[in-house]
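What follows is a set of notes on a single structure, which appears directly below.
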Amino acid sequence: METSSEHQAYDFAYVQEKWLPIWDKLEPFKSGRADDPRPKKYVLDMFPYPSGDLHMGHAEAYALGDVIARYWIQKGFNVMHPIGWDAFGLPAENAAIKRNEDPRIWTYENIATQKSSMRRYACSFDWDRVFNTCDPEYYKWNQWLFTKLHDRGLAYRKDSAVNWCPGCQTVLANEQVVAGLCERCDSAVTKKKLNQWYFKITDYADRLLDDMEQLEGKWPEKVLLMQRNWIGRSQGANVNFVIEGRTEPVTIYTTRPDTLYGATFMVVAADSALAAELAAGSPIEAEFNSYLEKIKAASDIDRLATDRPKSGVDLKRFAINPVNGEKLPIWASDYVLADYGTGAIMAVPAHDQRDLDFARAMKLPVRVVVETGEEDPNETGIATTGDGKLINSGPLNGLSKDEAITAINKQLEADGLGKSARNYRLRDWLVSRQRYWGTPIPIVHCDKCGEVAVPDSQLPLLLPDAKGLDLKPKGQSPLAAATEWVNTKCPKCSGPAMRDTDTMDTFVDSSWYYLRYPSSTSATEPFNREEIDTWLPVDQYVGGVTHAILHLLYSRFFTKVLYDMKMLDFTEPFTRLLNQGMVVMDGSAMSKSRGNLVRLSDELENHGVDAIRLSMVFSGPPEDDVDWADVSPSGSVKFLSRAWRLSGDVASAPGVDFSKGEISLRKATHKALNDAGFAVESFRFNVAVARVMELVNATRKAIDSGCGPADPAVREATEAIAIMLSLVAPFTAEEMWERLGHKPAIALAGWPSVDPALLIDDEVEAVIQINGKIKDRMNVSPNISEADFEAAALALPSIVAELAGAAPKKVITRPPKLVNIVL
RNA sequence: GCGGGAGUGGUGAAAUGGCAGACACGCAAGUCUUAGGAACUUGUGCUCCGGCGUGCGGGUUCAAGUCCCGCCUCCCGCACCA
């Protein structure tokens, strides 16, 4: 057999083939051995969807996650770094339809492909913990959790106008509608009235907001902000308006109860039940109906168009303003949303731009009630929303906005006409889907007993065989055609009953998967409490920002529900979060149609695993996109081979006493270890790599033209390089480690401890400034006193000459780095 | 429209308020080579060689890429949320 020393040049393909089987045997990344004394850490990468082989995006994400996991392993932690597959979902189903086969085949084939690619990519995964969400052993617990949510009233059905994707022929959650388009297929989303399953995430709105305090500084600020905006809490008041000819008053929601006296009309959402009721039997009913038809036909995209003219129908009905008895005309319009607040508003055109636009379009009166010092909205067409003094407002006159809000809320409450209220932008999570490849909803519909949850003993409720079912999207779940499966007995009364035919949104699967890894094979519970208590919450989560709302919000929700069920004792699942950027090509996302697709397998073939990983990590900060057109994988190969060559040049024996080594290289080594460690901990991986490169350069110089290859400092430096490189380039590092006379696996070698004495320089170059401009430099001791430092600076000939006898006004000294002489 | 982020060499990027451009890519010259898409060395912001330089204009400070105010441009999120 050929040994590595016979290789004169760095041969990445040979090295890759050599080490993989050895690592398989050593299993350096097995976590959770009973006798493991190391402190624990849970590092988690978002699990992949098995849509074909791994691509460049995976290569980046998993390279970054691996740096973190391997760093903490080197730092002496027992790191659990698991992986699995998010395997239910539409792509598999669409592929199955195209190929006319069971989605299971496509899915499990792709999982096998990705698995073998991941092994080759040498991530530090613990392979004993793998599971796929489409395994019955997993989705059994989806169903179990669904029934628990159902018991608690957190899973419920309701009729509602839902987001409908005409392409996928299924409903979508609010979070899956991106700018009016389906997140999956980009079809324009329309509305459809349907009876669907929801999770009551709105019950948790306040906690989802308030608990973010725990995440401050640990999650990207951007993600926290997006979640805050998505939940969109607003503080205001509900006010009751009596409607002429209607017994029940109508409640409206407003954030500006202080402007109540400025209301000049009322608007109800055109697609609300109230609007239909108010229009019924009146002369304008036909006009109203045709208006309703028109807005129903409009897709979300049309609604998104900015400065779209306001439209509406005068219902010829009147509401009475509770504070002054004024008669306000009631209009129906689509600029008021049926499912926010109460679906009805009081319009205060002077102080709300939308109301003003509507008032001007419909020639309705505008009355200023807050004097803001700005121009009259009647003239300018610009509503004044700022603070000011209340006018035309009876008892509120003279108050400021905040004072008026307090006063009017108090008054309304005392009179029984209203009270302060909160509203949220967040809607309940629509979880049912009319598609095949997902978790069947474990509910049986019985004429006698109603909705009955499938009992635990009957779980998992297996997805019926795809054979014989037409999976083509048609607006109804394909499961409905599996008559033998659908027709069942009621678990309660044993009478004839029908199964629910919808499947769950796949985001249900990913909302709790991180809890499953510590006990991934348990057949008796979704997760083991003892294991959860040891490993959770996740110390470090790594994944794309695309999940800023969807997956991360849902996971936080699930965690809180499980906390309330006393199954967990923490309320936030992910302690720290890192969002990596995307891999793009020539400035835009890679796609086949664009013709800028870079195949990961080609890149790995041409440059090797380590060079691709290194290129991903070194290209810039992890949050930024990597433009593959800008990176140089061949540059990475070159660097790795330079590092590799050092290991062949070291002429001292393993175990040599480093303390006898040449001091300046020793200092460079310890500084590199210190700085690279700090950089990794602050997610500046590119900087960490730069520090290693510097050390490689310094070591090369030491060998060629310095202390020579036999000096212990050269071995110390090269070993440090190998260990630091092991985070990014595991194959090269392992090969170096062997050539240095050590046994595998370098992944467990341990981060060398940094000697603080070696971090102090003998001499530092200080800059001398006059009025902030650099005039000279001098070498000083790092612990020079302020007085000596100033004296030395003022004694420099160039400074003496420059000053020409003038007395400095002030001298700022920052020993040992800088003196600034102010004249 | 609202909210947020970012603008630094030819390129990717560094820089606890304290030497702007670390580390690379690219490019150029050289050494060694039969050869080089190898290795090594050197150079590489601009410059009229005094300086000038971090999108533009102001400000705070002994000192600003960094902090504050106002613009411009680009990117992201939300989008009639009353």
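Chain identifiers are assigned alphabetically (A, B, ...) following the order of the sequence lines, protein sequences preceding nucleic acid strands; residue numbering begins at 1 within each chain.
Between B:A14, B:G3, B:A82, one nucleotide has an atom nearer to the side chain of A:Thr254 than all others, and that is B:A82.
In this structure, the CE atom of A:Met582 is 13 Å from the P atom of B:C75, given to the nearest Å. Protein atom CG of A:Leu552 is 15 Å distant from nucleotide atom P of B:G77, rounded to whole Å. Straight-line distance from the CD atom of A:Gln227 to the P atom of B:C78: 12 Å, rounded to whole Å. Rounded to an integer number of Å, the gap from A:Leu224 CG to B:C78 C1' is 16 Å. When rounded to the nearest whole Å, the span between NZ of A:Lys222 and C1' of B:C75 equals 9 Å. The nearest whole Å value for the distance from the CD1 atom in A:Ile770 to the C1' atom in B:C62 is 13 Å. A:Arg645 places its CZ atom 9 Å from the C1' atom of B:C40, with the value rounded to the nearest Å. Here B:A79 presents its P atom at 19 Å from CG of A:Asp357, a figure rounded to the nearest Å.
Comparing the P positions of B:G57 and B:C76 gives a spacing of 28 Å, expressed to the nearest Å. As rounded to the nearest Å, B:A64 and B:G59 have C1' atoms that lie 11 Å from one another. Straight-line distance between the C1' atoms of B:U44 and B:G55: roughly 25 Å, to the nearest whole Å. Taking atom C1' in both B:U8 and B:C23, one finds a spacing of 16 Å when rounded to whole Å. Here, B:A14 and B:G9 have their P atoms 14 Å apart, quoted to the whole Å. Atom name P, nucleotides B:A15 and B:A22: the rounded distance is 12 Å, in whole Å. Spacing between B:A63 and B:C52 at atom P, rounded to whole Å, works out to 15 Å. Nucleotides B:C48 and B:C72 are separated by 31 Å at their C1' atoms, to the nearest Å.
A salt bridge is absent between A:Asp649 and A:Arg645; no separation between the charged side-chain nitrogens and carboxylate oxygens falls under 4.0 Å. Taking 4.0 Å as the cut-off between side-chain N and carboxylate O, A:Arg427 and A:Asp339 count as a salt-bridged pair.
Below 30°, between 30° and 60°, or above 60°: for A:Tyr335 and A:Phe358 the angle between ring planes is between 30° and 60°, a tilted geometry. Aromatic ring pairs are classed by plane angle as parallel below 30°, tilted from 30° to 60° and perpendicular above 60°; the pair A:Tyr10 and A:Phe12 is tilted.
For the pair A:Ser619 and A:Lys773, nearest-nucleotide mapping onto RNA chain B gives the more 5' position to A:Ser619. Comparing A:Thr342 and A:Asn771 against RNA chain B, the residue whose closest nucleotide sits nearer the 5' end is A:Asn771.
With a 6.0 Å radius and a threshold of 12 heavy atoms from other residues, nucleotides or ligands, A:Glu605 has its CD atom at or below the threshold. Atom NZ of A:Lys667 sits in a crowded spot, with more than 12 heavy atoms from other residues, nucleotides or ligands closer than 6.0 Å.
The distance from the CG atom of A:Leu315 to the OG atom of A:Ser333 is 10.5 Å, given to the nearest 0.5 Å.
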Annotated protein contacts, base or backbone, on nucleotides 15-25 of chain B with a non-hydrogen cut-off under 4.0 Å, one of B, S, - each: S--BBS-BBSS

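Using a 4.0 Å heavy-atom criterion, one finds that A:Leu225 contacts the sugar-phosphate atoms exclusively. In this structure, A:Arg427 reaches the bases: a heavy-atom distance under 4.0 Å links it to at least one base atom across the strands shown.
Side chains of A:Thr384 and A:His351: a donor on one and an acceptor on the other come within 3.5 Å. Side-chain contact annotation: A:Thr202 with A:Asp428, donor-acceptor N/O pair under 3.5 Å present. Checking A:Trp628 against A:Glu603 by side-chain atom types alone, a donor-acceptor pair falls below 3.5 Å. Side-chain N/O atoms of A:Thr813 and A:Glu790 include no donor and acceptor closer than 3.5 Å.
In this structure, A:Arg425 reaches the B:A79 phosphate: one of its side-chain N or O atoms is under 4.0 Å from OP1 or OP2. Note on A:Tyr335: every side-chain N or O is 4.0 Å or more away from OP1 and OP2 of B:A82.
Applying the 90° cutoff around 0 to the glycosidic angle, B:G45 is assigned anti.
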Intra- and interstrand pairs of RNA chain B - dot-bracket, Watson-Crick/G-U under 3.5 Å, | marks other strand: (((((((..(((.....[....)))((((((.......))))))((....))..(((((..]....))))))))))))....

